[in-house]
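Following: one structure in structure tokens, then a few remarks.
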Number of protein chains: 2
Amino acid sequence: MSSTVAKALTLLDHFSENEPELGLSDLARRSGIDKATVHRMLSVMADAGLVEQRHDTKLYRLGAGILRLARIREKAFPFATVLQPELDLLAQETGETAHASLISGRALATVGICESSKANRVSLVVGEVLPFHATASGIATLAFGTEELSARVLAGPLDGKTSFTLTDPGRLNALIETARQTGFGETDQTNEIDVYGIAAPYFDKTGLACGAVAVATPSHRMTEALRGKIVGAVLRAAQVITSGTGGKQPAGYPETVRKTLSSLPEGSA
Amino acid sequence: MSSTVAKALTLLDHFSENEPELGLSDLARRSGIDKATVHRMLSVMADAGLVEQRHDTKLYRLGAGILRLARIREKAFPFATVLQPELDLLAQETGETAHASLISGRALATVGICESSKANRVSLVVGEVLPFHATASGIATLAFGTEELSARVLAGPLDGKTSFTLTDPGRLNALIETARQTGFGETDQTNEIDVYGIAAPYFDKTGLACGAVAVATPSHRMTEALRGKIVGAVLRAAQVITSGTGGKQPAGYPETVRKTLSSLPEGSA
DNA sequence: CCCTCTGGTTCATTATTGTCAACAGTAGTT
DNA sequence: AACTACTGTTGACAATAATGAACCAGAGGG
């Protein structure tokens, strides 16, 4: 992990909706890299258009080049666009916050959000990167992703985000196995306190999971009935997204889903 | 320009709408970098989520992390979203292809396009990076951008894209000066044969040009009347975009525009 | 006026990187 | 089957580019 470009690219991770503009020293402190180094990195990234510096405040922010790249990606492989309507529907059906993510290197990138209309809801920071091991989306993705990916995650560091986070590879693997049986991932407060997550994977054209769509609920509000409703809705949404993006469910998955749905209390799609 | 991250980031420039997926050797050949080096670069960029490799074809494409970053950028500084409707209107008004770009390092990044409905129209490749010195958008942006930027462009290499391209710094500077007088940039076949461009700059909140909106027409179709219509429409669109994105026109600019508009033949906004 | 922030720059040391070669796998041809 | 030509991938060594402490200059604040 000591490659120069890797270090340079981690700088991008510190930008978020809440802090879209960051100063040089600030960025250096957070990343633990020397000021001079950060300055050089930002300079070349500015040249490439990935970031840009405001001439008045000297602060750095994400650049216009990113918009350009995103346009190419979306034009060639529409995802966010076909995904958003389905997210909106999902949030409306369940009454809770829905979001979707894609595998992005060693983590999950949030590529779509639709917040619940309830006053008490789970609110997500746009653009946050989600760890695999502590989120329902991550579990769901790992359960149906490549063997290599889950091995890498199980091997890598498992940060304890909350006291509920599974940091033991064995127990984490058991959770993934459960998801593999049921067809969806489920976690309670493993990434953030008082957040209950239920997520279903969607697949690329080779039948491998490339991300997950999830619904996040305040833990105390979760009931058996709501859980059933969400599971059904999430599984349905994932199927629509899979086919809508040219994906294909792997062998056996439809049966898994059917079995899971029939075991739910009642009232689902 | 021999920084490692710079070289790594140039790899991203080879992706376009036409070629959204590229192989390792192919990428190495185009960039002139050794295969092994490219492989390492792509690996770390894949880790960061900027690119991703398909497990079946081994080809690389732009990754999901870019979508995430674009979301942050758009959420914090909405541009593409507020821009697109105005582009559509502009294309409809003029009957020609309209596009908009932003300063992105050493070049302009195309961040929005609306193609003409005419059969014979100028068609743009989505996601292309435009050189400053050979495009109307570039001239317009330079004319009202920082002194430092135009100096850098005038100093840098001025590739002859066509036989009409101004490769002489002196003559190029004169063209920029003209744009500064009239308030808009104008080029004929300097970037591509048979393409006539007219572009007006929009400004950030400090009154500096941060990009331009342009209309591209087949050269042979250009007439004095059409030219007048386009100039008026482009100037108006740029003003709307400027205010719509929280920008501010620099001192004296409104008068420049007014003077230009009054000298046009007739029939403009 | 001093102190402490900020962004930016310099330069000798050292570790990262580029290079080149070989390797493995696939597809097409002979 | 063997040969070719092409992939993507990995290793080792020489050379280059990254590093980080110290240093500037400027902006506030007390």
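Model, not experiment: these values are computed from the prediction. Lettering of chains follows the sequences in order, A, B, ..., and the numbering in each one begins at 1.
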Those residues that, when tested against B/Asn173, pass side-chain contact (heavy atoms from CB on, under 4.5 Å) (two or more places apart): B/Leu154, B/Ile176
Bounded by its outermost nucleotides with an atom under 4.0 Å from a heavy atom of chain A, the footprint on DNA chain C reads C/dT6 to C/dT17
Applied to residues 130-140 of chain A, the salt bridge (Lys or Arg N to Asp or Glu O under 4.0 Å) test, sequence neighbours excluded, yields none
The contact string for nucleotides 8-27 of chain D, one letter per nucleotide 5' to 3', using protein heavy atoms under 4.0 Å with B, S and - for base, sugar-phosphate only and none, comes out as BBBB-----SSBBB------
Restricting to side-chain contact (heavy atoms from CB on, under 4.5 Å), what partner residues turn up for B/Leu124, sequence neighbours left out? B/Thr97, B/His99, B/Ile113, B/Val122
Work out how much the helix from C/dC1-D/dG30 to C/dT30-D/dA1 bends between its end axes, five pairs an end, to the nearest 10 degrees. 30°
Mind checking what makes side-chain contact (heavy atoms from CB on, under 4.5 Å) contact with A/Glu21, not counting sequence neighbours? A/Arg54, A/Leu59, A/Arg61, B/Phe77
Side chains of residues 37-47 of chain B: which donor-acceptor partners sit under 3.5 Å, not counting sequence neighbours?
residue: B/Ser43; atom: OG; partner: B/His39; partner atom: O; Å: 2.9
residue: B/Asp47; atom: OD2; partner: A/Arg106; partner atom: NE; Å: 3.1
residue: B/Asp47; atom: OD2; partner: A/Arg106; partner atom: NH2; Å: 3.2

Side chain to side chain donor-acceptor pair (under 3.5 Å) contacts in which one or both residues fall within residues 134-157 of chain A, not counting sequence neighbours: none
For residues 199-214 of chain A, which side-chain donor-acceptor pairs fall under 3.5 Å, sequence neighbours excluded?
residue: A/Tyr202; atom: OH; partner: A/Ser101; partner atom: N; Å: 3.4
residue: A/Tyr202; atom: OH; partner: A/Ser101; partner atom: O; Å: 2.7
residue: A/Tyr202; atom: OH; partner: A/Ala212; partner atom: O; Å: 3.3
residue: A/Asp204; atom: OD1; partner: A/Thr206; partner atom: N; Å: 2.9
residue: A/Asp204; atom: OD1; partner: A/Thr206; partner atom: OG1; Å: 2.7
residue: A/Asp204; atom: OD1; partner: A/Gly207; partner atom: N; Å: 3.1
residue: A/Asp204; atom: OD1; partner: A/Leu208; partner atom: N; Å: 3.0
residue: A/Asp204; atom: OD2; partner: A/Thr206; partner atom: OG1; Å: 3.4
residue: A/Asp204; atom: OD2; partner: B/His55; partner atom: NE2; Å: 3.1

Whether B/Gln53 side chain and B/Lys58 backbone form a donor-acceptor pair below 3.5 Å: yes
Sequence neighbours excluded - side chain to side chain donor-acceptor pair (under 3.5 Å) pairs with any residue from residues 69-83 of chain A: A/Arg73-B/Glu52, A/Glu74-A/Thr81
A/Val257: what forms a side-chain contact (heavy atoms from CB on, under 4.5 Å) with it, not counting sequence neighbours? A/Leu235, A/Gln239, A/Tyr253, A/Leu261
